[in-house]
Amino acid sequence: MKFSKLNLVLTTIAVVLVLQSNMAAQTNAPEVHPNAAIVPVPRTDWATNRQALVLQRAKDAPGDYDIEFIGDSIMEGWEGGGKTVWSDFYGHRKVINFGVGGDRTQHVLWRFEQGQLDGIKAKVAVVMIGTNHSNNQDNTEAEILEGVSAIVQQIRTRQPDTKIILLGIFPRGGTFSTQRGKILQVNEAIAKLDDGKNIFYLDIGPQLIENDGSIAKAIMPDYLHPNAAGYLIWANATEPKLKQLLGE
């Protein structure tokens, strides 16, 4: 009887030690954070009006388009600083602009879920997104790549007949910086998404900087958003590929 009680006590102690060990291991395990860049979320800040406008734009005018533009404030800027260039290059084409200032990849993915691409049949999608992820430690290069890749994949799934011109993220800041380096590393990776058939990568960043690596205010007054001169460089750089894909 005493022997059985001893065994029971020892077994109980062993079980407790195992449980404590497992709990300690779980406590010391690194916490896993999901990549926010691929988790669709709506804008809830100052851009809600633009977000709603873009979604309504898609809803009100479904149908065939030559080009759809998808991106953040740099893409939205075609309706601001790039308005004249837009008219010259795209006025004779049927185009739709889905750019929203401040957007990150998760916001674009959310709008896709809300039907932004439903009913839209574009021959070509011009896509640039990611600069808003590059601030400080907001996202790693790998996370930005995953977000951009998710957008490309969603376009291919929702619009299988649409060709994609995937633009490298534009350089930003007056001169060389850690942030510029981060963007360059992301661009090197997203360039690999070019398959030569449906996705075509184009990096016009080198055309936006001077020989010493600086960005001229004559092209980007705030070292981030192009003005008319910057949009003209952009339009000229993409026009040959657009004409090819549109069969013009």
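All of these numbers come straight from a predicted model, not from anything done at the bench.
Neither M75 nor I144 shares a network with the other; the hydrophobic side chains, linked directly or stepwise wherever heavy atoms of I, L, V, M, F, W or Y lie under 4.5 Å apart, form separate groups for each.
Remark: the backbone N or O of S73 is not paired with any side-chain donor or acceptor of H225 at under 3.5 angstrom. Under a 3.5 Å cut-off, the side chain of R180 and the backbone N or O of R172 do form a donor-acceptor pair. Side chain of S214 to main chain of E210: no donor-acceptor pair is present (N/O by atom type, distance under 3.5 Å, no hydrogens or angles). Proximity of a side-chain donor or acceptor of D194 to a complementary backbone N or O of Y201 within less than 3.5 Å is detected. Listed for the S134 side chain is a donor-acceptor partner under 3.5 Å among the backbone atoms of T131.
For W86 and F69, the gap between ring centers is short of 6.0 Å.
Side-chain atoms of L55 and W110, non-hydrogen and from C-beta on, do get closer than 4.5 Å to each other. With contacts defined as side-chain heavy-atom distances shorter than 4.5 Å, the pair P42/H107 does not qualify. In this structure, L53 and V100 have side chains that are not in contact, with every pair of non-hydrogen atoms separated by 4.5 Å or more. Here the side chains of M128 and I70 are not in contact, with every heavy-atom distance at 4.5 Å or above. With a 4.5 Å cut-off on side-chain heavy atoms, Q106 and I38 do not count as touching. Between L166 and V148, the closest side-chain pair of non-hydrogen atoms falls below 4.5 Å. Side-chain contact between I165 and V127: absent, with no pair of heavy atoms (C-beta onward) separated by less than 4.5 Å. Counting heavy atoms from C-beta outward, E113 and P40 have side chains that approach closer than 4.5 Å.
Residue Q153 holds its CD atom at 11.5 Å from CD1 of I151, rounded to the nearest 0.5 Å. Distance OH/Y231 to CD1/I219: 13.0 Å, rounded to 0.5 Å. The CG atom of L202 sits 14.0 Å away from atom CD1 of I164, with the distance rounded to the nearest 0.5 Å. Taken from CG in L242 to NZ in K163, the straight-line distance is 14.0 Å, to the nearest 0.5 Å. Note that the NZ atom of K121 and the CG atom of D161 stand 8.0 Å from one another [nearest 0.5 Å]. Atom OG1 of T140 sits about 6.5 Å away from atom CG of N35, to the nearest 0.5 Å.
Nearest heavy atom pair, residue P171 against residue I209, reads CG-CG2, 3.8 Å. Contact record, V108 with I129: CG2-CD1, 4.1 Å, taken as the closest heavy-atom pair. In terms of heavy-atom proximity, D103 sits nearest to D72 at O-CB, 3.7 Å. A218 and A229 make their closest contact through O-CB, 3.5 Å (heavy atoms, listed as atom of the first residue, atom of the second, distance). Heavy-atom minimum distance, A37 versus N139: CB-ND2, 4.2 Å. The heavy-atom pair separating G173 from I215 by the smallest distance is O-CD1, 3.3 Å.
Cluster note: F176 groups with no other residue, as no ILVMFWY side-chain heavy atom lies under 4.5 Å from it.
Judged by the 6.0 Å distance and 45° axis criteria, R43 is positioned over the aromatic ring of W46.
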Quiz item: Taking it one step at a time, do Y223 and T175 satisfy side-chain contact (heavy atoms from CB on, under 4.5 Å)?
Solution: CA-CA 9 Å; Y223 305 123; T175 187; over 6 Å; no

Quiz item: So E239 and R93, salt bridge (Lys or Arg N to Asp or Glu O under 4.0 Å) or not? Walk me through it.
Solution: CA-CA 12 Å; E239 190 65 11; R93 295 161 168 160; 2.7 Å; yes

Self-check item: Derivation of the side-chain contact (heavy atoms from CB on, under 4.5 Å) call for N236 and I233
Solution: CA-CA 5 Å; N236 279 320; I233 293 173; over 6 Å; no

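For the residue pair N97 and E76, no side-chain donor N or O sits within less than 3.5 Å of a side-chain acceptor on the partner. Side-chain atoms of Q159 and Q154 form no donor-acceptor pair, as typed in the model, at a separation below 3.5 Å.
With respect to R104 and D138, a salt bridge is recorded, a charged nitrogen being found less than 4.0 Å from a carboxylate O. Note on K241 versus E248: no salt bridge recorded, every NZ/NE/NH1/NH2 to OD/OE distance being 4.0 Å or above.
By the side-chain hydrogen bond (donor to acceptor under 3.5 Å, both in side chains) test, D88 pairs with no residue at all, sequence neighbours left out.
Counting only residues at least two apart or in different chains, salt bridge (Lys or Arg N to Asp or Glu O under 4.0 Å) contacts with residues 55-67 comprise R57-E79, D66-K123.
The aromatic rings of W234 and F170 sit perpendicular to each other, their planes meeting at more than 60°, with 30° as the lower class boundary.
Crowding of K94 atom NZ: a count of heavy atoms from other residues, nucleotides or ligands under 6.0 Å exceeding 12.
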